[in-house]
Protein chains: 2
Amino acid sequence: MNTFTEENYLKAIYHLSTQSESVSTNQIAASLHTKAASVTDMLKKLADKELINYARYQGVTLSVKGEKVALSIVRKHRLWEYFLVEKLNFKWDEVHEVAEELEHISSYELVDRLDEFMGHPKFDPHGDPIPDKNGHFKAHELKPVSALLVNTVGIISGVREHSPAFLQHLEKIKLVIGKKIKVCDINSYDHSITLLLEDELLYISRDVANNLLITI
Amino acid sequence: MNTFTEENYLKAIYHLSTQSESVSTNQIAASLHTKAASVTDMLKKLADKELINYARYQGVTLSVKGEKVALSIVRKHRLWEYFLVEKLNFKWDEVHEVAEELEHISSYELVDRLDEFMGHPKFDPHGDPIPDKNGHFKAHELKPVSALLVNTVGIISGVREHSPAFLQHLEKIKLVIGKKIKVCDINSYDHSITLLLEDELLYISRDVANNLLITI
DNA sequence: TAAAAAATTTAGATTAGTCTAAAAATGAAA
DNA sequence: TTTCATTTTTAGACTAATCTAAATTTTTTA
Ligand SMILES: [Mn+2]
Ligand SMILES: [Mn+2]
Ligand SMILES: [Mn+2]
Ligand SMILES: [Mn+2]
């Protein structure tokens with residue numbers, strides 16, 4: 001089918017496409033920690049296979065076919081992350097690297113049975129939606145905590161940054177998915193925020209507030 | 001660490017080593033469906049990494065280091081097969097190909113937690129022993145059904161042939177692992193055998209009898 | 001024990017993916 | 001609208017794994 005590497009390019013293009021309409025060679029290179037010249041080579045190959053729409057110097061978008069492949073990789077990634085956390089007791093900051101490998105296991109039978117085994121979860125451990133076998137999913141309406149006004153409430157439902165360091169920090173201060181928060185104060189100097197979390201006050205930096213997502 | 005391909009070579013050498021002391025280039029080529037010239041190239045590479053003992057034209061054995069790697073792949077393969085059958089309801093003839101991919105997932109944390117999750121199984125769905133995390137395992141004392149005398153009994157405990165066709169055939173006639181059998185008659189012309197299996201008589205060919213293993 | 005057969009290795013190519021360095025295209029600024 | 005910085009592509013090379021065909025070594029057999 002497609003190689004491991006082709007799948008990683010398609011997934012990278014998919015994720016970058018959620019930010020901007022068209023994706024540039026340099027964006028892909030940065031996201032895959034590779035060089036622009038390598039990306040150009042691969043883009044030609046993916047265009048030959050009709051997985052992307054590509055014109056020299058003009059950036060790239062996924063074709064319908066390419067998006068289907070990308071969504072199946074994302075589905076596998078997130079289902080495996082859910083499995084690792086819910087069944088094997090991994091922490092939410094430990095699963096990403098393992099899922100980066102597991103997402104390339106080719107059997108669709110496997111991923112569908114895994115989905116069934118876990119009861120068709122809708123969101124992964126980081127709050128990201130899990131596409132169904134047809135690639136359909138419904139995302140939460142997410143806002144960063146930093147966008148809330150004083151005295152408004154929200155439920156922690158996702159993160160914008162997935163680094164182990166950030167996830168561990170959230171875990172440590174008990175700001176995990178599902179918890180209800182209320183904004184008590186916004187510091188006008190450094191934009192740090194004081195939250196109410198289960199009857200306790202909690203200070204978070206602007207940076208944390210920007211990367212922590214809530215539903216209302 | 002080691003590439004996917006290096007791991008497959010080490011595993012092939014490991015399995016062939018259970019048959020003969022030293023393993024030949026052609027044996028490896030046949031077992032990996034590749035060409036002798038390719039095998040020679042890889043043997044040089046594995047020898048450089050001190051994973052095998054290799055002298056030109058003399059065949060090959062695994063080094064202690066190489067055997068450790070091979071056993072870890074075998075452990076992963078068999079644990080994943082057990083998982084697929086016991087947790088995801090795959091049939092015993094459907095799991096080998098998927099496990100061929102899963103065995104290369106590198107995380108040891110993953111395989112150890114999987115082992116724990118399943119209660120440290122000792123044998124895979126085909127009766128093959130699962131090495132523990134130190135590579136230790138105890139194999140059954142296995143004999144082919146064809147080696148039994150008339151009126152002796154045994155318990156189905158393994159197979160010598162792992163093809164889906166053979167496994168499906170056994171499944172169909174209910175000759176599955178754990179069942180108790182008694183040899184009622186051995187045909188002196190074609191060596192086919194009449195078995196007693198749960199109060200029912202069953203005819204099996206010499207070929208089936210040779211590839212079906214029992215403990216006494 | 002010498003010739004023939006079989007097994008193994010070497011030589012030389014190929015393909016996928018990557019890189020650096022240089023060339024070309026684009027777009028922003030003067 | 002020309003220049004210049006940035007982005008992107010091309011050119012040429014490298015590594016891992018593979019192949020075919022030819023050469024070499026080992027083993028068998030006569
Ligand atoms: Mn992830
Ligand atoms: Mn995730
Ligand atoms: Mn198997
Ligand atoms: Mn097995």
Side-chain angles (χ1 to χ4, degrees), chain A residues 1-14 16-17 19-62 66 69-70 73 100-101 103-106, chain B residues 1-14 16-17 19-62 66 69-70 73 100-101 103-106:
Chain A
M1 196 54 175
N2 303 300
T3 66
F4 195 101
T5 310
E6 287 168 343
E7 291 184 345
N8 282 335
Y9 272 85
L10 292 173
K11 186 173 56 129
I13 296 166
Y14 173 80
L16 292 166
S17 297
Q19 305 289 117
S20 54
E21 183 57 35
S22 163
V23 175
S24 76
T25 301
N26 270 353
Q27 283 180 293
I28 299 169
S31 116
L32 293 176
H33 306 106
T34 183
K35 296 297 149 75
S38 310
V39 173
T40 300
D41 284 346
M42 181 57 80
L43 293 183
K44 286 183 200 160
K45 195 175 309 175
L46 294 174
D48 283 347
K49 293 180 126 186
E50 301 187 311
L51 292 161
I52 59 174
N53 310 113
Y54 169 62
R56 230 150 79 271
Y57 292 101
Q58 298 318 130
V60 75
T61 59
L62 288 177
V69 176
I73 309 297
E100 286 290 303
E101 290 186 48
E103 71 190 6
H104 300 289
I105 301 295
S106 59
Chain B
M1 197 53 174
N2 304 301
T3 66
F4 195 99
T5 310
E6 287 169 344
E7 292 185 344
N8 281 336
Y9 272 85
L10 292 173
K11 184 172 59 128
I13 296 166
Y14 173 81
L16 291 166
S17 297
Q19 304 288 117
S20 53
E21 182 58 34
S22 162
V23 175
S24 77
T25 301
N26 271 353
Q27 283 179 293
I28 298 169
S31 116
L32 293 176
H33 307 105
T34 182
K35 296 298 150 75
S38 311
V39 174
T40 299
D41 284 346
M42 182 57 80
L43 293 184
K44 285 183 201 159
K45 195 175 311 174
L46 294 174
D48 283 348
K49 292 180 127 187
E50 301 189 310
L51 292 161
I52 59 173
N53 310 112
Y54 170 62
R56 232 149 81 271
Y57 292 103
Q58 298 317 132
V60 75
T61 59
L62 288 177
V69 176
I73 309 298
E100 286 290 303
E101 291 185 48
E103 71 190 5
H104 300 290
I105 301 295
S106 58

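Each chain gets a letter, A, B and so on, in the order its sequence line appears, and its residues count up from 1.
Among the protein residues, A:Tyr9 comes within range of the sugar-phosphate backbone only, with heavy atoms under 4.0 Å from sugar or phosphate atoms but none that close to a base.
Between the two ends of the helix from C:dT1-D:dA30 to C:dA30-D:dT1, each summarised by a five-pair axis, the helix axis turns through 10° (rounded to 10 degrees).
The side chain to side chain contact (heavy atoms under 4.5 Å, CB included) check on A:Ala37 picks up nothing, with sequence neighbours excluded. Here B:Glu6 pairs with B:Lys49 under the salt bridge (Lys or Arg N to Asp or Glu O under 4.0 Å) rule; sequence neighbours left out. For A:Lys45, there are no side chain to side chain donor-acceptor pair (under 3.5 Å) partners two or more places apart in sequence or in a different chain. Applying the side chain to side chain contact (heavy atoms under 4.5 Å, CB included) rule to A:Phe4 yields the partners A:Asn8, A:His104; only residues at least two apart in sequence or on another chain are considered. Considering only residues two or more places apart in sequence or on other chains, A:Ser17 meets the side chain to side chain contact (heavy atoms under 4.5 Å, CB included) condition with A:Ile13, A:Val23. A:Glu103 is linked by a side chain to side chain donor-acceptor pair (under 3.5 Å) to A:Lys11, A:His77, counting only residues two or more places apart in sequence or in another chain. For A:Asn53, the side chain to side chain contact (heavy atoms under 4.5 Å, CB included) partners at least two apart in sequence or on another chain are A:Thr61, A:Ser63. Residues forming a salt bridge (Lys or Arg N to Asp or Glu O under 4.0 Å) with A:Glu50 (at least two apart in sequence, or on another chain): none.
The span of DNA chain D lying next to chain A, judged by atoms under 4.0 Å from heavy atoms, is bounded 5' to 3' by D:dT7 to D:dT10.
Look at A:Lys45 and you won't find any side-chain N or O under 4.0 angstrom from OP1 or OP2 of C:dA16. Contact check, A:Thr5 against C:dA16: no side-chain N or O comes under 4.0 Å of OP1 or OP2.
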List, with names and distances, any nitrogen or oxygen atoms from the protein found under 3.5 Å away from nitrogen or oxygen atoms belonging to nucleotides 7-11 of chain C.
{"unit_1": "C:dT8", "atom_1": "OP2", "unit_2": "B:Asn26", "atom_2": "N", "d": "2.9"}
{"unit_1": "C:dT8", "atom_1": "OP2", "unit_2": "B:Asn26", "atom_2": "ND2", "d": "3.4"}
{"unit_1": "C:dT9", "atom_1": "OP1", "unit_2": "B:Tyr54", "atom_2": "OH", "d": "2.4"}
{"unit_1": "C:dT9", "atom_1": "OP1", "unit_2": "B:Tyr57", "atom_2": "N", "d": "2.9"}
{"unit_1": "C:dT9", "atom_1": "OP2", "unit_2": "B:Thr25", "atom_2": "OG1", "d": "2.9"}
{"unit_1": "C:dT9", "atom_1": "OP2", "unit_2": "B:Thr40", "atom_2": "OG1", "d": "2.8"}
{"unit_1": "C:dT9", "atom_1": "O4'", "unit_2": "B:Tyr57", "atom_2": "OH", "d": "3.4"}
{"unit_1": "C:dT10", "atom_1": "OP1", "unit_2": "B:Arg56", "atom_2": "NE", "d": "3.2"}
{"unit_1": "C:dT10", "atom_1": "OP2", "unit_2": "B:Lys44", "atom_2": "NZ", "d": "2.8"}

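Contact of the A:Leu46 side chain with the A:Asn2 side chain is not registered, since no non-hydrogen atoms from C-beta on lie closer than 4.5 Å.
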I'd like a table of donor-acceptor pairs (distance under 3.5 Å, sequence neighbours excluded) in which one partner is a side-chain atom from residues 27-35 of chain B, with atom names and distances.
{"unit_1": "B:Gln27", "atom_1": "OE1", "unit_2": "B:Ser24", "atom_2": "N", "d": "2.8"}
{"unit_1": "B:Gln27", "atom_1": "OE1", "unit_2": "B:Ser24", "atom_2": "OG", "d": "3.4"}

